[in-house]
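Beneath this line is the structure, given in structure tokens, with notes to follow.
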Amino acid sequence: MTSQSSQVSKDSITPLQQMIASCSGAIITSLFVTPLDVIKIRLQAQTSPFPKGKCFVYCNGLMDHICVCENENGKAWYKPRGHFKGTLDAFVKIVRMEGIKSLWSGLPPTLVMAVPATVIYFTSYDQLCDALRLRMGEQADKAPLLAGAIARVGSATLISPLELIRTKLQSERQSYRELSAVIRSAVHTEGWLALWRGLGPTLLRDVPFSAMYWYNYEKGKSLLCRYKSSEPTITITFIAGAVSGSIASIVTLPFDVVKTRRQVELGELQARNLSAQGSSTYNVMKSIVGESGIRGLFAGFMPRLIKVAPACAIMISTYEFGKAFFRKSNQEKKTQVLALQTSNS
């Protein structure tokens, strides 16, 4: 029990400092990962053009967002403006023809929700993990598993209504001033649960992912620290984050395929002003297996791995770096206060 108490006291930075560290990590992660998804979407649009009302998934490294095609002309950022032969060719041509800023097209609107969601998630995890470690005794090593699952349920439940409203506002070209009218209309038509439509498939993927990710990350970080006989460094947290993220993404891939299909379906129903009932998660899974067999549930294995592994590695290493910075700063302030008190006495 003493070792668990020392672990908690070692990580005793304030919740505000945890929030600042996670916010910084979220912004850095999105800046690194978003260009990969922008290029992927451009290549996808080149192969299968997006008609008006069509939805596609946009990932900024923090969250998946549904985007609705608003027009059929070539002005939208996701429309191809030239022929790309591959990922590298697309990167070079986008930078050359449209400027480097185009690699982050569509990012600002998604950060409005992705950053707060990430801050809530990481801060909740740390607070829960510290509390659980103190209460679980000999089972304290399982605390990250439980804390990760609970933190993800909380953050996803809070953000889900906002993401649905964002999609509706975008598809109907309404301003944020009309937000309250959109909420009232949705609640009046389908009830309060309409605001959490699509939450089930999200939790089905994200909760197991989060539980496995944090458990494997903490174990991996501990093993690497023992092997190197050192405190966690950026390299150690980066490697542990990449490996744990890869494992979790592979195991939860079928849930990701189902969740993406369900998200797109709901988005397109909203774009057409139809009742957003859609298919159940079970029916979506059954449909995928019927169309492509069991292999269909593991479609997009490599693209998901390429996206998730670096996002997890960058996010956790920058977050841990931020926490280490604040921890050191707090320790220095405490030392200065003690030295001042000693000199006065």
Side-chain angles (χ1 to χ4, degrees), residues 1-13 17-18 20-30 32-33 61-62 118 121-134 136-152 206-253 301-302 304-331:
M1 192 71 177
T2 307
S3 63
Q4 299 307 327
S5 299
S6 64
Q7 173 69 28
V8 173
S9 62
K10 181 183 173 182
D11 289 336
S12 59
I13 61 174
Q17 289 172 332
Q18 290 172 340
I20 294 170
S22 57
C23 181
S24 303
I27 293 169
I28 292 169
T29 302
S30 65
F32 273 98
V33 176
L62 305 171
T118 305
Y121 173 48
F122 276 79
T123 305
S124 299
Y125 167 77
D126 267 342
Q127 294 293 317
L128 283 166
C129 199
D130 285 350
L132 288 169
R133 277 185 172 131
L134 288 173
M136 293 178 70
E138 294 180 358
Q139 299 295 318
D141 62 328
K142 306 293 192 303
L145 194 75
L146 190 55
I150 296 171
R152 178 53 77 185
D206 289 358
V207 173
F209 179 95
S210 183
M212 281 185 284
Y213 170 76
W214 284 111
Y215 180 77
N216 290 326
Y217 169 73
E218 298 289 1
K219 284 285 186 184
K221 183 175 70 170
S222 179
L223 286 171
L224 287 169
C225 286
R226 279 206 297 269
Y227 176 73
K228 293 284 186 179
S229 300
S230 70
E231 293 293 309
T233 61
I234 287 184
T235 304
I236 287 174
T237 55
F238 189 92
I239 293 170
V243 173
S244 58
S246 299
I247 294 169
S249 68
I250 292 168
V251 174
T252 59
L253 182 59
F301 167 79
M302 193 52 67
R304 175 160 164 78
L305 197 60
I306 292 171
K307 177 176 68 177
V308 172
C312 288
I314 295 167
M315 180 65 216
I316 196 63
S317 57
T318 50
Y319 178 57
E320 293 281 22
F321 178 82
K323 289 202 299 179
F325 170 81
F326 284 120
R327 196 177 297 122
K328 184 179 177 182
S329 176
N330 291 348
Q331 190 61 44

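Below, all heavy atoms of this structure are taken into account, side chains as well, without hydrogens, waters or symmetry copies.
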Check your understanding: Of all heavy-atom pairs between Thr29 and Gly61, which one has the smallest distance, and what is that distance?
Key -> CG2-O, 3.9 Å
Practice item. Just say parallel, tilted or perpendicular for the rings of Trp214 and Tyr217, cut-offs at 30° and 60°. Key: perpendicular
Review point. Under the criterion side-chain contact (heavy atoms from CB on, under 4.5 Å), which of Ile236, Thr235, Thr233 is the partner of Leu224?
Key: Ile236
Check your understanding: How long is the gap from CG on Leu146 to CE on Met136, to the nearest 0.5 Å?
Key -> 6.0 Å
**Study point:** Residues, nucleotides or ligands: over 12 heavy atoms within 6.0 Å of Lys142 NZ
**Key:** yes
Check your understanding: So, Tyr319 versus Asp126: side-chain donor-acceptor pair below 3.5 Å or not?
Key -> yes
Review point. How far does CD of Gln18 sit from SG of Cys23, to the nearest 0.5 angstrom?
Key: 13.5 Å
Review point. Within the side chain of Ser222, is there an N or O that forms a donor-acceptor pair under 3.5 Å with the backbone of Glu218?
Key: no
Revision key, fill the gap. Nearest heavy-atom approach of Thr237 to Pro232 is CG2-CB, 4.2 Å
Exercise for review: Would you sort out whether Arg304 and Thr252 count as a side-chain contact (heavy atoms from CB on, under 4.5 Å), showing the intermediate values?
Suggested key: CA-CA 11 Å; Arg304 175 160 164 78; Thr252 59; 3.3 Å; yes
**Study point:** N/O donor-acceptor pair under 3.5 Å between Ser329 side chain and Phe325 backbone
**Key:** no
Practice item. For residues Ala240 and Gly220, report the shortest heavy-atom separation together with the two atoms involved. Key: CB-C, 4.2 Å
**Study point:** Validation row: Leu145, Gln139 side chains within 4.5 angstrom (heavy atoms)
**Key:** no
Review point. Quick one: CD1 on Ile27 to CE on Met315, what's the gap to the nearest 0.5 Å?
Key: 10.0 Å
Check your understanding: Are Val243 and Asn216 side-chain neighbours, meaning at least one heavy-atom pair lies under 4.5 Å?
Key -> no
Practice item. Could you verify whether a donor N or O on one side chain and an acceptor N or O on the other, from Ser210 and Tyr125, lie under 3.5 Å apart? Key: no
Exercise for review: Could you please spell out the steps behind the side-chain contact (heavy atoms from CB on, under 4.5 Å) verdict for Lys219 and Asp141?
Suggested key: CA-CA 8 Å; Lys219 284 285 186 184; Asp141 62 328; 3.5 Å; yes
Check your understanding: Would Thr123 and Ser22 satisfy side-chain contact (heavy atoms from CB on, under 4.5 Å), going step by step from the backbone distance to the final call?
Key -> CA-CA 7 Å; Thr123 305; Ser22 57; 4.0 Å; yes
Practice item. Could you pull out the closest heavy-atom pair between Arg152 and Val207, with the gap in Å? Key: CG-N, 4.0 Å
Review point. Rounded to the nearest 0.5 Å, how far apart are CD1 of Ile247 and SG of Cys312?
Key: 11.0 Å
Review point. Between Phe238 and Ile316, is a side-chain contact (heavy atoms from CB on, under 4.5 Å) present by the stated rule, with each step listed?
Key: CA-CA 7 Å; Phe238 189 92; Ile316 196 63; over 6 Å; no
Study note, to complete from the structure: Here the pair of heavy atoms bringing Leu62 nearest to Ser30 is CD1-CB, 4.3 Å
Check your understanding: Counting distance only, does the side-chain N/O of Ser124 pair as donor-acceptor with the main-chain N or O of Tyr121 below 3.5 Å?
Key -> no
Check your understanding: What are the two closest heavy atoms between Arg133 and Ala140, and how far apart are they?
Key -> O-CB, 3.8 Å
